[in-house]
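Data block below; observations after.
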Amino acid sequence: MNLLSLIRQRFAPALSELVPDVSPLLDMIRPAQDAKFGDFQANFAMPLAKQLGKPPREVAQQVLDRLDLSDFCEPPEIAGPGFINVRLRADFVASRIQQIAGDDRLGYQPVALPRHVVVDFSSPNVAKPMHVGHLRSTVIGDAICRTLRFVGHKVTSDNHIGDWGTQFGMIIYGYRHFRDDASWQASPVGELARLYKLVNQLSDYHATTAKLPLLQKAVTEAREKLAQLQAQAVADDKVKKQLSAMKKDVTTADAELSAAVASIARIQDSPSLLASANAHPDIARKAREETARLHAGDPENNALWNQFLPSCLEALNQIYRRLGISFDLTLGESHYNPMLPGVVESLKSRGLAKLSEGATCVFLEGNAAPFIVQKTDGAYTYATTDLATILYRRESLKADEVLYVVDKRQSEHFQQLFATTLLWGISGLKLQHVSFGTVMGNDNKPYKTRAGDTVGLESLLDEAISRARRIVDENDDRRETPLLTPEDRARVSEIVGLGGIKYADLHHSRDSDYVFDWDKMLATTGDTATYMQYAYARVCGIFRRLQIDRTAMKTQGVPVLLNTPEERRLAMQLLMFGYAIDSVLNDYRPHLLTAWLFDTADAFSQFFDRCSVQNAESEELQKSRLILCDLMARAIHTGLSLLGIQVAEIM
RNA sequence: GCGCCCGUAGCUCAGUUGGAUAGAGCAACCGCCUUCUAAGCGGUAGGUCAGUGGUUCGAAUCCACUCGGGCGCACCA
């Protein structure tokens with residue numbers, strides 16, 4: 001049992017003598033927010049005092065009178081307005097450490113009632129290369145899977161790839177009209193990506209050209225309105241507000257117009273692109289028709305689909321292999337195609353879906369826009385696919401819970417999806433959108449290259465590893481006698497580089513946008529993966545120096561001594577591992593684990609600085625410290641592994 | 001126009017769901033390697049938690065409004 005549960009359990013009977021429902025009060029017992037307040041603090045005396053009509057400190061005292069923690073705690077203290085501070089006895093902490101010594105799980109017991117959780121994450125589009133936007137979903141989803149498995153749940157990771165949508169019609173169209181056979185032979189995936197981009201660009205060109213007059217009109221109108229408003233001499237608050245709104249409208253309209261002009265210019269500046277554009281005026285519609293034919297079972301398009309897909313999947317897998325991430329299932333949108341007509345029928349027969357402006361829609365209370373399950377042209381949407389997927393996960397996979405690790409901008413979609421599912425009558429299934437924010441560049445806009453393209457994931461990984469290599473080289477070269485062979489350096493660079501990327505992502509709270517910054521990510525100082533990895537390498541160094549084989553070391557029955565603040569702090573950190581894990585899973589927030597890892601590595605660094613193992617005052621103390629060191633190594637190793645990050649013995 | 005989110009130190013971000021004097025990393029400044037990896041450790045400085053009002057024992061956190069920023073909103077996924 002974790003320490004907090006133990007404390008709460010002991011408080012429960014004392015509280016139940018004063019009040020019928022103790023559970024909200026027990027929730028107010030927490031780890032202390034400052035070490036000077038001890039290890040845990042109970043905050044319930046103040047609200048309880050109000051309930052009982054007595055002064056808080058008196059209530060706190062009443063609770064303490066009914067409470068005996070002396071078998072494992074120092075006498076609790078009442079502080080401030082009525083906080084109860086609890087500090088564990090050193091011998092108890094030591095005995096706990098002894099119990100979990102040598103355990104990779106740090107004493108964490110698997111859950112009694114495992115759930116089957118399907119985690120839907122990464123979900124790239126097969127037609128286009130993966131980019132930085134897929135990184136968060138992939139890294140966060142993977143960390144959640146690993147953590148759920150660690151605590152004993154059954155997890156099915158499912159990569160719901162986009163292999164059936166409009167983009168596929170675009171590549172089919174592109175393949176038919178713009179294929180370069182030499183490139184296709186050399187690199188099918190590269191050629192498909194080029195074709196997708198080309199068709200997309202040409203479609204955009206026509207759409208933008210058609211839209212241009214409207215955009216120009218919008219700018220003039222916005223300008224005129226602004227001028228009109230400015231002409232009014234009265235400047236009360238209402239006018240001021242309108243004025244600033246108008247100014248904003250003008251800048252947005254301007255920005256849209258200049259973006260459109262620029263994108264048109266990109267085509268017109270290139271004779272070959274312009275020729276292609278002129279030769280294919282209907283490209284967007286025709287690409288959609290290819291998609292429709294694919295969905296309708298057209299043999300030729302299905303043959304192309306079957307031809308394209310394996311290499312697309314292989315390209316994705318190459319990246320997943322580098323990231324050390326794998327999926328139990330890769331059931332793309334295409335998998336659910338046969339189920340879609342049935343889904344719409346079912347919704348209609350239950351009176352949930354009805355025809356509106358030619359499309360079949362589910363109207364939900366509180367939502368202005370309908371949830372469209374079948375378009376006017378008969379095609380199904382991702383809403384339909386998502387509903388089919390839920391049905392499949394419930395009925396065939398027998399899932400208890402489904403997590404969608406998806407960009408927060410899609411929250412309305414999920415809100416509608418979940419609401420529809422409920423009305424549809426699928427029960428016993430918990431659905432949660434695990435949303436995350438956008439990866440931004442230094443300019444606080446979505447992360448792009450200087451040229452304005454999205455950054456490919458492949459090159460991102462290469463860049464991380466080569467930057468890491470420079471740091472590894474520099475550090476090892478600085479030593480009098482370098483510790484690493486070239487092969488070691490390559491391996492360590494990969495561990496540090498990939499760890500840096502993943503950690504940078506995971507240590508931000510998932511729903512906030514964050515700024516992508518190479519220098520911070522691979523910094524040799526501060527709250528980075530490197531800091532934890534370095535702490536691990538240092539602890540390994542201790543064992544190497546003392547010529548002790550950690551794996552063979554005796555851990556049971558060795559007395560643990562915690563006489564310095566550093567030793568005690570490290571020990572407490574190690575004991576709080578379970579609490580950190582539980583808080584991560586409470587709302588699927590991996591950054592709570594990175595925070596624990598950082599605190600733990602920090603506690604170790606202080607210990608390393610002030611508590612020599614090699615020169616311990618006694619053999620007994622050295623053995624005790626070795627227990628802590630070994631447990632620390634396991635803690636970092638296990639904790640980082642739950643985030644999909646590796647460690648190196650020497651770095 | 002409707003809806004959702006955000007505003008915390010110079011920068012990047014936490015803040016355990018309402019608790020004690022608001023924290024960390026970076027950057028700045030000062031100090032620590034003849035002893036286990038200095039990719040480290042110690043210290044100093046840095047705040048009107050966007051603003052105003054409210055709710056209460058207690059507010060960065062909850063409510064209302066204001067200012068500023070972002071993102072969605074009928075046939076793309």
Side-chain angles (χ1 to χ4, degrees), chain A residues 27-28 30-31 33-34 36-37 41 43 46-47 49-50 55-56 79-83 85 123 125 162 164-167 237 241 244 288 333 356-361 366-377 379 381-383 385-386 407-413 415 435 437-438 440 444-445 471-472 474-476 478-479 483 496 507-509 511-515 517 519-520 523-528 530-531 533-535 537-546 579-580 583 586-587 589 591-592 595 598-599 602 605-606 608-616 625 629 650-651:
Chain A
D27 286 343
M28 302 178 80
R30 312 235 172 97
Q33 51 175 251
D34 193 311
K36 69 187 171 212
F37 299 137
Q41 63 181 60
N43 302 336
M46 288 75 81
K50 194 172 180 189
F83 297 101
N85 293 332
S123 310
N125 212 302
W164 200 243
T166 317
Q167 5 66 33
D237 282 356
K241 198 176 163 183
S244 84
R288 276 201 301 274
E333 292 166 344
S356 164
E357 295 177 31
T360 309
C361 307
N367 286 87
F371 198 49
I372 297 178
V373 291
Q374 191 169 19
K375 301 192 283 185
T376 307
D377 64 4
T381 70
Y382 76 135
T385 314
D386 280 356
D407 194 309
K408 70 179 174 189
R409 281 172 296 194
Q410 295 198 35
S411 58
E412 276 101 332
H413 168 71
Q415 181 256 320
S435 61
T438 312
M440 311 292 248
N444 275 322
K445 289 183 185 147
I471 295 166
V472 169
E474 215 174 278
N475 276 287
D476 202 37
R478 224 176 13 230
R479 291 179 176 127
L483 295 169
V496 170
H507 101 281
H508 292 94
S509 99
D511 36 23
S512 63
D513 299 340
Y514 83 92
V515 176
D517 184 338
D519 294 331
K520 238 165 245 167
T524 54
T525 56
D527 187 3
T528 58
T530 307
Y531 184 77
Q533 290 166 328
Y534 182 65
R538 291 212 292 178
V539 95
C540 291
I542 294 175
F543 287 95
R544 207 174 328 113
R545 173 63 67 103
L546 297 176
Y579 178 77
S583 55
N586 185 37
D587 195 29
R589 297 190 174 277
H591 83 278
L592 297 173
F598 180 69
D599 287 343
D602 188 46
S605 294
Q606 291 179 1
F608 185 89
D609 217 50
R610 287 165 231 166
C611 306
S612 175
V613 178
Q614 188 178 3
N615 301 323
R625 287 180 175 170
C629 285
I650 305 175
M651 63 186 277

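Reminder, nothing fancy here: chain letters follow the sequence lines and each chain counts from 1.
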### Task
Using heavy atoms to find the nearest nucleotide of RNA chain B for A/D27 and A/Y514 separately, return the residue whose nucleotide is more 5′.
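Result of the comparison: A/Y514.
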
Checklist entry - Where each residue is assigned the nucleotide of RNA chain B containing its nearest heavy atom, which of A/R409 and A/D602 is assigned the position nearer the 5′ end? => result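 Its nearest nucleotide being more 5', the pick is A/D602.
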
Ring stacking, A/Y531 with base of B/A39, under 5.5 Å and under 30°?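 Here the ring of A/Y531 and the base of B/A39 are not stacked, as the 5.5 Å and 30° limits are not both satisfied.
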
With a centroid cutoff of 5.5 Å and a plane-angle limit of 30°, would you call A/F83 stacked on B/G19?
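A/F83 ring does not meet the centre or angle cut-off for B/G19; no stack.
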
[X] side-chain N/O to [N] phosphate OP1/OP2 under 4.0 Å:
X      : N     : result
A/R544 : B/U37 : no
A/N125 : B/A77 : no
A/K520 : B/C26 : no

Interatomic distance where CG belongs to A/D527 and C1' belongs to B/A39 [whole Å]
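Rounded to whole Å, this separation is 14 Å.
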
Could you tell me the Watson-Crick or G-U partner of [N], where both distances fall under 3.5 Å? Say none if there is no partner.
N     : value
B/C73 : B/G1
B/C62 : B/G54
B/G23 : B/C13
B/U37 : none
B/C29 : B/G43

Inset, instruction - Just compare B/C41, B/U21, B/A77 and give me whichever is closest to any side-chain atom of A/K36. - result: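 Output: B/U21.
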
Look at the rings of A/Y514 and A/H508 and say which category their plane angle falls in: under 30° parallel, 30 to 60° tilted, over 60° perpendicular.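 Judged by the thresholds at 30° and 60°, the geometry between A/Y514 and A/H508 is parallel.
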
Indicate the atoms forming the closest heavy-atom contact of A/T438 with A/D513, along with that distance.
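Smallest heavy-atom distance, with atoms named: N-OD1, 2.8 Å.
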
Syn or anti for B/U37, please, going by whether the chi angle lies within 90° of 0.
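Here B/U37 takes the anti form, which means its glycosidic angle is more than 90° from 0.
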
